[in-house]
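Everything below concerns the one structure shown next.
The chains referred to below are lettered A, B, ... by the order of the sequence lines, with proteins before strands, and numbering in each begins at 1. As the structure is a computational prediction, the values presented were derived from the model and not from experiment.
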Amino acid sequence: MGSGTSTQHHFAFQNAEKAFKAAVLIQRWYRRYMARLEMRRHCTWSIFQSIEYAGQQDQVKLHNFFSYLVDHFTPNNHNERDFLNRMFTEERSPQDSEMENCRDYESIEVPDSYTGPRLSFPLLPDHATALVEAFRVKQRLHARYVLNLLYEARKHLVQLPNINRVSTCYSEEITVCGDLHGQLDDLIFIFYKNGLPSPERAYVFNGDFVDRGKDSVEILMVLFAFMLVYPKEFHLNRGNHEDHMVNLRYGFTKEVMHKYKTHGKKILKLLQDVFCWLPLATLVDEKVLILHGGVSDMTDLEFLAKLDRHKIVSTMRCKTRKEDKKQAEEKGKANQTSSAGTPSPWFLPQSHSLPTSPLCPSTQKAHRAGRSSSVPCRVPLDPKELSHWVRHSVDLELERCRQQAGFPELKEKEEPLPLASEADPEAEGRREPTQEEWSQVVDILWSDPMAQEGCKANTIRGGGCYFGPNVTERLLQKYNLQFLIRSHECKPEGYEFCHSRKVLTIFSASNYYEVGSNRGAYVKLGPALTPHIVQFQANKATHTLTMRQRISRVGESALRALREKLFAHSSDLLVEFKKHDKDKTGLITLSDWAAAVESVLHLGLPWRMLRPQLVSSLTDNKLEYKSWLKNLAKEQFSHENIQSSLLEALYRNRSNLETIFRIIDSDHSGFISLDEFRQTWKLFSSHMNIDVTDDCICDLARSIDFNKDGHIDINEFLEAFRLVEQSCSKGYASDC
Amino acid sequence: MSQIIQWIEIGTIIRSLGCCPSEGELHDLIAEVEEEEPTGYIRFEKFLPVMTEVLLERRYRPIPEDTLHRAFEVLDPAKRGFLSKEELIKYMTEEGEPFSQEEMEEMLSAAIDPESNSIHYKDYITMMVIDEN
């Protein structure tokens, strides 16, 4: 061991130490890089999710809007009243006798030229498989078979209990899939990767089969087909999107009418009924409970098992009846004076109960009295909304008193109804669920888990609640269950465990927000019901992208959506910005900008983090807000000097408008008259405090009616914002 | 109402605030903000003062480009200008604060030039730095 060797050792040691340090440096740097990427991904996710949930909230608000109208809008003339009546009434859920009429699918002829799949009943496994294959090559099923299949599906569903009990002793494995949302590629992929359903391969699909994606019809057809072929092994749960009201907004109604122009309406009507007959939950081996949303601290499985699920037509709005016999009598009296020929408005709460929208504070208090959590959620009630509700409930109270005193309802003037059904309060009551029934179902279809203990109202979505680990624990113990499987929420990895692995969220629509946004997943329950997750992403392109590329792509898309939303609120933003600029310098600080934007959009996003993507230039670290807003507008439309306020209002309310249009277009013809459009817009703008003149609306309507026949094609209008913009810039509606 | 940072790793947050701690430094920091009986969650009230101090002291400053370049050169004593895939893997997974397999794969997917199966680190650094901004 001479000095030479020890020097060698010394050098070797030094080198090793250097290498170690160098490695640490590189790793340290790399991890920071990845963290920033992760942060960006998270922001992107928040953007998409907050916009999505804001949309759902909107839907609830829309229904509140209609209630408000009924109470406050006094029609000025005969036309307006007729129009209102048409808009506010809806055919009842089909009764059994009407269901028989749906057998007239038999009269629908299938032309020889039709090359799509032909079904005959009872269905055989080969038919179902052939159906999948046909859809894979983009064929379309003829309306006759669609109706036939739906009719048969309904027959089957009616026999099922609310909580479907399944045992794994029949099939070796059971696979649970989450939301599909019209993404047929994902369904096909699941069948390809996991195998087609069979007596040995059981499946449970946990709701939200439709809306948003473009192949909702095809997914339903496949699911119902397999359900008929393997009734013991193939199970479906209802999701919050299996609901005709939700479908009006989120694309399913549109898809059906587009694919089935002649028979779409019939299909939709039958679907409305089929959806109500879907089971609410599935229980595997009495141990694993599968339902779409979640649970609440009030969830009562025995109660849920007994109620008549068919009465819950839509979770968007509740027509409830009171158990109280006295009030039922009074209702009978009131109904005797009510209008003829027009069934009561679909969204109008029965005279003696207050509106049950989750956003109404008064009922919220009463309904949530039983909630264990004392911390209220962030309820977005500004003074305006609050006074609106106070007004509303006061008016309803007045109405109730009026009816009790025997005065007829204000609006109705027509001859009395044939009293047969109306006079019988029991028959009336049988058709509607009670408040308790409705809220129990809403809870299991809309709730989301949260990390904190307790249970609070889910005001983000507008329905159901947030439930904490203690709520889960209590439920599992009460019913001796092992764990809960639910869906309803998109997760980046397609699945997520929470509540100490007692709750599993499973989501099967990959690339839900955007290509590359998330994976899909399904879970297989093996012996002892241990969950085994399988992930996938049904788009080959994304596999080759690095995380960095995937994130930047999705990020761009999210930012685009966000900029759109910002533009749509330009006027409100300007008002807010001015508040922060008392000295009228035209500049505001970035903190002010962030505060202002949040107070207008209410999205709860980290604006300061997003700032670099949304604000490109600063003057002395301050923002020139007027030019920023102008740039936003420029990005949205290629023309300058657009007449912005009307456009903006239209843009912002696009989804709402579309939904309203579909409601007006009650025969689903795809057309509404100019007059109807004008009246709708007038009503809507008065409610939303949008300041536009009648002439302006007329001009707008006329300019949209290209063939000048007095009718507007909904689809063309909604998809043609560019055309509106063009006509505006041509000075057509320059008086707006 | 106290806020709980839950679904995102505390390390991610700290790093995206501009700090560049090593894993060891990160663990020390977390120990400072954790509850006495760790719940798996960090409370914001505890996190805020500690993090504020870290930022004010400018602790865990990010690494300048040329320092990073020199680090790669240490691992490339022959000064070829690149590291082979195997060498990169060896250093990143066996030396320093080793990468997990996932981290290694992710780094390889972006760093490795498929033709030469090596990483030209000068270009790599430049590319990543641009990306960040």
Side-chain angles (χ1 to χ4, degrees), chain A residues 11 14-43 45-46 373-378 449-454 456 468-469 489 491-492 496-498 500 543-552 604 606 608-609 612, chain B residues 1-4 6-9 11-26 40-41 60 62-65 67-68 70-77 88 90-99 102-111 121 125 127-129 131-133:
Chain A
F11 276 135
Q14 258 198 335
N15 284 339
E17 206 190 335
K18 267 180 151 182
F20 184 92
K21 283 200 178 136
V24 172
L25 207 75
I26 295 171
Q27 287 151 347
R28 209 176 108 196
W29 163 81
Y30 182 77
R31 283 179 172 130
R32 175 167 175 262
Y33 173 80
M34 290 310 283
R36 296 185 73 175
L37 214 58
E38 169 66 19
M39 209 38 139
R40 209 189 299 175
R41 187 199 65 74
H42 195 83
C43 279
W45 195 258
S46 300
S373 166
S374 55
V375 180
C377 196
R378 174 180 63 121
M450 64 173 176
Q452 294 96 321
E453 306 267 296
K456 53 192 191 189
E489 279 183 297
K491 298 289 176 193
E496 190 174 271
F497 280 101
C498 66
S500 313
H543 287 309
T544 55
L545 296 175
T546 62
M547 176 141 120
R548 190 187 91 237
Q549 289 168 317
R550 251 184 281 137
I551 289 179
S552 63
R608 258 167 284 222
M609 282 204 73
Chain B
M1 182 164 80
S2 61
Q3 293 147 283
I4 300 183
Q6 19 134 326
W7 35 250
I8 204 172
E9 298 283 320
T12 307
I13 296 182
I14 293 172
R15 287 183 168 120
S16 58
L17 284 170
C19 299
C20 199
S22 66
E23 291 287 287
E25 288 165 334
L26 191 62
Y41 299 131
Y60 316 131
I63 302 156
E65 242 183 276
T67 313
L68 196 55
R70 276 205 307 262
F72 273 103
E73 283 188 329
V74 166
L75 304 179
D76 174 27
L88 183 67
K90 183 180 106 175
Y91 282 122
M92 293 295 106
T93 58
E94 292 176 23
E95 293 283 353
E97 294 171 327
F99 274 171
E102 216 184 303
E103 284 176 308
M104 193 67 247
E105 276 170 16
E106 183 53 47
M107 184 184 198
L108 286 173
S109 69
Y121 45 85
I125 295 171
M127 176 179 77
M128 298 283 266
V129 166
D131 241 8
E132 276 213 298
N133 304 330

Are any non-hydrogen side-chain atoms of B:I63 and A:I26 less than 4.5 angstrom apart?
no
Side chain from CB out, backbone as N, CA, C, O: work out which of these in B:Y121 comes under 4.5 Å of a heavy atom of chain A, or both, or neither.
neither
Which atom pair, heavy atoms only, marks the closest approach of B:P62 to A:R32?
CB-NH1, 3.9 Å
I'd like to check B:V74 versus A:K21 (side-chain heavy atoms, cut-off strictly below 4.5 Å). Are they in contact?
no
For a quick test of reading the model, state the closest non-hydrogen atom pair linking A:A35 to B:T12 and the distance between them.
O-CG2, 3.4 Å
State plainly whether the residues A:R31 and B:E103 are in salt-bridge range, i.e. N to O under 4.0 Å.
yes
For residues B:Y91 and A:Q27, report the shortest heavy-atom separation together with the two atoms involved.
O-NE2, 3.9 Å
With a 4.5 angstrom heavy-atom cut-off, is it the side chain or the backbone of B:P98 that approaches chain A, or both, or neither?
backbone
Specify the closest pair of heavy atoms between B:A71 and A:L25, including all atoms of both residues, with the distance to one decimal.
CB-CD2, 3.6 Å
One option among B:M92, B:R70, B:E25 has the most heavy-atom pairs under 4.5 Å with chain A, and it is B:M92
Measure the spacing between NZ of A:K18 and CG of B:L75 and express it to the nearest 0.5 Å.
11.0 Å
Is there side-chain contact between A:R28 and B:P21, with at least one heavy-atom pair below 4.5 Å?
no
Does any heavy atom of chain B fall under 4.5 Å from the side chain of A:Y30, the backbone, both, or neither of them?
side chain
State the CH2-CD1 distance between A:W29 and B:I125, to the nearest 0.5 angstrom.
6.0 Å
